[in-house]
Amino acid sequence: MMLIPAHHFRDIERKPEYLQPEKCVPPPHPSPVGTMWFIRDGCGIACAVVTWFLVLYAEFVVLFVMLIPSRDYVYSIINGIMFNLLAFLALASHCRAMLTDPGAVPKGNATKEFIESLQLKPGQVVYKCPKCCSIKPDRAHHCSVCKRCIRKMDHHCPWVNNCVGENNQKYFVLFTMYIALISLHALIMVGFHFLHCFEEDWTKCSSFSPPTTVILLILLCFEGLLFLIFTSVMFGTQVHSICTDETGIERLKRKHQPRERTGSWKSVKETFGGDFSLNWFNPFSGLRHPKPLSDSDWVRQVASLSDTENTETTEEQSEQRKDEDSVEVTDE
């Protein structure tokens, strides 16, 4: 008798009755095209507001403390355009990451009719999420904040009040990149401004009083250093995940399950929407209407029929293991 890995015991069945489809309400009608995705989470909304506030604070200090009072107009214009462009792209990326469906699986589709419509063959199984009553495609995980299963879920990020998944990972990568760039740019300008003020009279290098100017610059320096480190680490982590075709949850759980990995370059192109171009850095481009899942996407293949016959465990055993894929990972 062949043995199979323990993770194959979790809510696996070829029979609709075992999944208790009678406890699942029919899936809701698909949302109209263009419907905005937004998670109503108090913590996430607060973090998103704080993110915007910090960017706007940096904008205020850069413009009204350093650039506008400067007598070097070329320096002010060049740095003003560069900083404002990066800030705009950062906030646009934040909005796209927050308001884009990350790849949510239809809720409540684990019904008897839907399972029977898949016409499972010997050696094929389906996974059910007991929390949102959905049939889970491969590499989907349940998020307890979004209350949905998300395809290729990397983690739930409160700073964008959304999961980072299959459809919005590009925008999250751009958000971390642009925030790191404006943080670095602000730190460089703060350094030059301090040198300028030490050489000149403090009353002439800012429209604010010297104590106020120093406090504003120190706060901006602290904010810039903190977010430069944080977003640089997140950017590097995301790029590594994309290149290795392994999400944060998969890396955390370390499943020893054979899986065909996409090549590094192919994975990068899938995430950013095609061959290399300037659109990779454009938060307004991307897959606005991702291709819906086909019937084969819901079904997984096991090694052999004898393996699947050994997966018919009792309901009590399933209850003990049903939370294995219900994982929430945050940036905190």
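For the side chain to side chain donor-acceptor pair (under 3.5 Å) condition, the pairs that include at least one residue of residues 176-194, sequence neighbours left out, are N79-H185. Pairs of residues two or more places apart, or lying in two chains, that qualify as side chain to side chain donor-acceptor pair (under 3.5 Å) and include a residue from residues 208-221 are S206-T213, S209-T212.
R151 contributes no side-chain N or O that, together with a main-chain N or O of E166, makes up a donor-acceptor pair within less than 3.5 Å. Of the possible polar contacts, one joining the D154 side chain to the G248 backbone as a donor-acceptor pair under 3.5 Å is found. Under a 3.5 Å cut-off, the side chain of T51 and the backbone N or O of V49 do not form any donor-acceptor pair. Not a single donor-acceptor pair under 3.5 Å links the side chain of E116 to the backbone N or O of E113. Between the R96 side chain and the N168 main chain, no donor and acceptor come within less than 3.5 Å of each other. A donor-acceptor pair is defined here as one N or O able to donate and one able to accept, closer than 3.5 Å; no such pair exists between the side chain of S267 and the backbone of C243. Using modelled atom types, one side-chain atom of S117 and one backbone atom of F114 make a donor-acceptor pair closer than 3.5 Å. Judged by distance alone, the side chain of N109 and the main-chain N or O of I135 form a donor-acceptor pair under 3.5 Å.
Summarising the geometry of H155 relative to Q238, their closest heavy-atom pair is CE1-NE2, 3.6 Å, with the distance given to 0.1 Å. Nearest heavy atoms, L220 versus M66: CD2-CE, 3.9 Å. Of all heavy-atom pairs spanning K136 and A140, the tightest one is CE-O, 3.4 Å. Nearest approach of N279 to K170, heavy atoms of both residues: O-NZ, 2.9 Å. The minimum heavy-atom distance linking M153 with C163 is given by the pair CE-SG, 3.8 Å.
By the neighbour-count criterion of 12 heavy atoms within 6.0 Å, atom OH of Y75 is densely surrounded, having more than that number from other residues, nucleotides or ligands. Environment of OH in Y57: crowded, with over 12 heavy atoms of neighbouring residues, nucleotides or ligands closer than 6.0 Å. In L195, the CG atom is crowded: over 12 heavy atoms of neighbouring residues, nucleotides or ligands sit closer than 6.0 Å.
Contacts of F64 classified as ring pair (Phe, Tyr, Trp, His ring centres under 6.0 Å), with partners at least two apart in sequence or in another chain: F60.
Atom CD1 of I249 and atom CD1 of I150 lie 9.5 Å apart (nearest 0.5 Å).
Relative ring orientation between W280 and W265 is described as tilted, the plane-to-plane angle lying within the 30° to 60° band. Ring geometry for F230 against F227 counts as perpendicular: the plane angle is over 60°, on a 0 to 90° scale with 30° as the lower cut.
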For the pair V50 and W159, evaluate side-chain contact (heavy atoms from CB on, under 4.5 Å) and give the outcome as yes or no after the intermediate values.
CA-CA 8 Å; V50 169; W159 296 104; 4.2 Å; yes
Where do D138 and K152 land on the salt bridge (charged side-chain N to carboxylate O under 4.0 Å, His left out) test, with the steps shown first?
CA-CA 8 Å; D138 192 23; K152 289 183 67 175; over 6 Å; no
Given side chain to side chain donor-acceptor pair (under 3.5 Å), test R139 with T247 step by step and report yes or no.
CA-CA 9 Å; R139 304 185 70 185; T247 67; 5.1 Å; no
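Residues P102 and N162 are in side-chain contact: their nearest non-hydrogen atoms beyond the backbone lie under 4.5 Å apart. Considering only heavy atoms from C-beta on, M189 comes within 4.5 Å of L67 through its side chain.
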